[in-house]
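First comes the structure, then the notes that go with it.
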2 protein chains.
Amino acid sequence: MSVIYDRIALIGLGLIAGSMSLAIRDRKLANEVVGYARSQQTRDTAREIGLCDRVTDSLAEAVADADLVVLAVPVGAMGDVAAEIAPHLKPGATVTDVGSVKQAVIDAVQPQLPDDVHFIPGHPLAGTEHSGPRAGFSTLFINRWWLLTPLPDSDPQAVDRLAELVSAMGAKCDRMEPGHHDLVLAVTSHAPHLIAFTMVGVADHLRRVTDEEVIQYSAAGFRDFTRIAASDPTMWRDVFLHNKEATLDILGRFTEELFTLQRAIRMGDGQQLHDYFTRTRGIRRGIIEAGQDTEAPDFGRVATSGKSD
Amino acid sequence: MSVIYDRIALIGLGLIAGSMSLAIRDRKLANEVVGYARSQQTRDTAREIGLCDRVTDSLAEAVADADLVVLAVPVGAMGDVAAEIAPHLKPGATVTDVGSVKQAVIDAVQPQLPDDVHFIPGHPLAGTEHSGPRAGFSTLFINRWWLLTPLPDSDPQAVDRLAELVSAMGAKCDRMEPGHHDLVLAVTSHAPHLIAFTMVGVADHLRRVTDEEVIQYSAAGFRDFTRIAASDPTMWRDVFLHNKEATLDILGRFTEELFTLQRAIRMGDGQQLHDYFTRTRGIRRGIIEAGQDTEAPDFGRVATSGKSD
């Protein structure tokens with residue numbers, strides 16, 4: 001594998017940027033990876049663990065002479081970061097992001113950037129429930145989709161070069177309209193996350209069932225929800241605030257479906273329930289066949305030894 | 001480990017009964033495990049794979065001289081099975097079940113059984129999304145909770161003996177009132193399952209987003225839901241029909257919470273969202289500390305090689 005960019009700057013040093021840094025450096029896809037984070041503590045941790053080749057103490061230093069700048073901050077912060085780096089970008093550099101929403105990021109970032117840089121928004125569909133500079137690992141993107149949403153006037157060669165980097169980190173690359181991206185992600189990610197947050201919140205609020213029981217007996221379906229609901233609160237707050245219409249649209253559909261099933265339960269309509277569950281089983285099949293998950297039952301979990309009581 | 005029951009009869013040969021058979025025979029907890037299933041095909045498969053010591057072609061034969069009879073059929077079938085086996089049970093035998101609801105099973109089964117058997121309902125909180133005689137494995141119950149809901153007049157020694165079997169298969173045993181069981185499980189399992197079914201159903205119905213995209217980009221949170229939604233349709237139809245009140249109660253709470261969050265999104269109330277998500281993250285911590293899940297990010301999944309496109 002060969003060097004794709006001379007110097008890459010990662011702005012924000014959480015799970016995604018950390019994983020990018022490790023992936024890029026492992027595979028030598030750049031000559032230098034520079035990192036910056038707003039908090040001193042994060043910068044110190046990044047230095048301590050050797051996350052990047054260099055960690056700077058200012059945004060301006062980080063992006064100086066960078067050929068690729070990656071905005072890996074919460075989507076609500078993208079606009080301010082773009083405004084601050086704009087005067088320091090090298091002409092001809094590429095700026096990309098890894099935010100979970102696209103249109104709102106474009107609206108905040110594009111007006112801030114000079115005309116002589118290539119802005120190519122992107123979104124890696126990868127992550128875990130952990131956050132921060134220690135959370136990343138170099139294999140995070142393997143076989144995961146990384147969506148690029150180039151703008152109408154994006155330079156094709158700049159887009160191809162970014163796609164090459166994405167592929168070199170192990171991801172599968174696809175291109176999409178920003179608005180369509182936001183709708184697809186509302187279905188596959190944003191609404192499911194909100195629903196998981198809600199289910200866990202319901203369990204938290206119950207008084208007739210003690211929290212300990214909910215936790216203790218949580219192998220029964222609930223724990224899958226809790227993993228999703230442990231995601232970074234800041235990131236998700238910003239996702240929902242910045243993909244409002246599509247999210248509310250999908251939630252509306254969701255509640256319609258839920259009331260339909262709820263009614264079937266109340267009416268004792270077993271046939272409707274059985275038909276519905278049979279159909280949903282088929283979708284799971286489709287996901288395994290598309291190579292997006294493991295066929296091993298229970299996600300291949302192994303029995304934990306557990307604590308003694 | 002020593003023999004706990006001389007002869008154990010497993011009625012219904014799906015994931016749970018199959019796993020019990022393998023666990024019991026592996027650890028020599030019985031002298032003989034006899035199996036029966038209603039469908040000829042299941043009985044043939046069970047014989048083919050040597051699931052039990054013996055597979056009978058009738059219910060009466062299966063329970064003859066059995067010291068423990070395990071009802072492992074869908075909860076809607078429990079009453080009929082109980083009626084059919086009642087005349088053939090050995091005096092002093094224990095009858096238990098593994099159904100996901102307890103009160104409805106008690107209401108269906110108890111009136112059918114003679115007075116000289118010990119009826120001790122139970123529920124192992126374990127399972128995968130697979131079904132049928134080939135789905136079981138002997139380690140399914142390790143470190144999982146197995147709840148027993150003895151009746152007021154249950155013989156303590158009979159309960160202790162069943163608890164011993166449960167523990168010997170690796171599970172942690174707890175006792176609980178049947179009604180309370182149904183409420184706890186409505187929270188930790190039944191409502192989450194219905195919600196997962198619904199989310200997958202919503203994705204299935206959408207027209208503006210193609211099904212392929214939903215499947216293709218499903219690593220983004222959706223796939224966790226789909227595993228749950230791939231559960232056995234018959235089992236779940238019966239669970240919802242037989243734990244109606246508690247399930248509807250929890251669903252009502254769920255929709256109240258969901259509308260609260262939905263409103264926060266529509267109003268742009270980032271603080272409320274952030275506070276909510278911060279609280280739900282704490283519950284995930286509690287589950288890992290209770291030893292009920294792995295700390296490995298993303299459930300310890302490894303990257304799949306995936307199919308080439």
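Proteins get letters first, then strands, A, B, ... in listed order; numbering begins at 1 in each.
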Using non-hydrogen atoms only, which part of [X] is less than 4.5 Å away from chain A: side chain, backbone, both, or neither?
X	result
B:Arg266	both
B:Thr234	both
B:Asp275	neither

Once you round to the nearest 0.5 Å, how far does CZ of B:Phe240 lie from OH of A:Tyr276?
->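 Between atom CZ of B:Phe240 and atom OH of A:Tyr276 there are 11.5 Å.
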Output the distance between atom NE2 (B:His274) and atom CE (A:Met235), rounded to the nearest 0.5 Å.
->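 So the NE2 of B:His274 and the CE of A:Met235 are separated by 12.5 Å.
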Should we count CZ of A:Arg175 as having more than 12 external heavy atoms under 6.0 Å?
-> yes
How about B:Glu256: does its CD atom have over 12 heavy atoms from other parts shown lying under 6.0 Å from it?
-> yes
Relative to chain B, which of A:Asp238, A:Thr247, A:Asp174 shows the most heavy atom pairs under 4.5 Å?
-> A:Asp174
I'd like to know which of [options] tops the heavy-atom pair count under 4.5 Å against chain A.
options	answer
B:Asp269, B:Leu140, B:Leu194	B:Leu194
B:Leu251, B:Leu273, B:Thr278, B:Leu248	B:Leu248
B:Val200, B:Thr260, B:Ile265	B:Ile265

Matching residue for A:Met176 among A:Lys102, A:His123, A:His181 - test: side chain to side chain contact (heavy atoms under 4.5 Å, CB included) =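 When A:Lys102, A:His123, A:His181 are each tested with A:Met176, the side chain to side chain contact (heavy atoms under 4.5 Å, CB included) holds only for A:His181.
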Indicate the ring-plane relationship of A:Phe259 and B:Phe259, choosing parallel, tilted or perpendicular according to the 30° and 60° boundaries.
->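 Parallel: the ring planes of A:Phe259 and B:Phe259 meet at under 30°.
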What part of A:Ser100 gets closer than 4.5 Å to chain B, counting heavy atoms only: side chain, backbone, both or neither?
-> neither
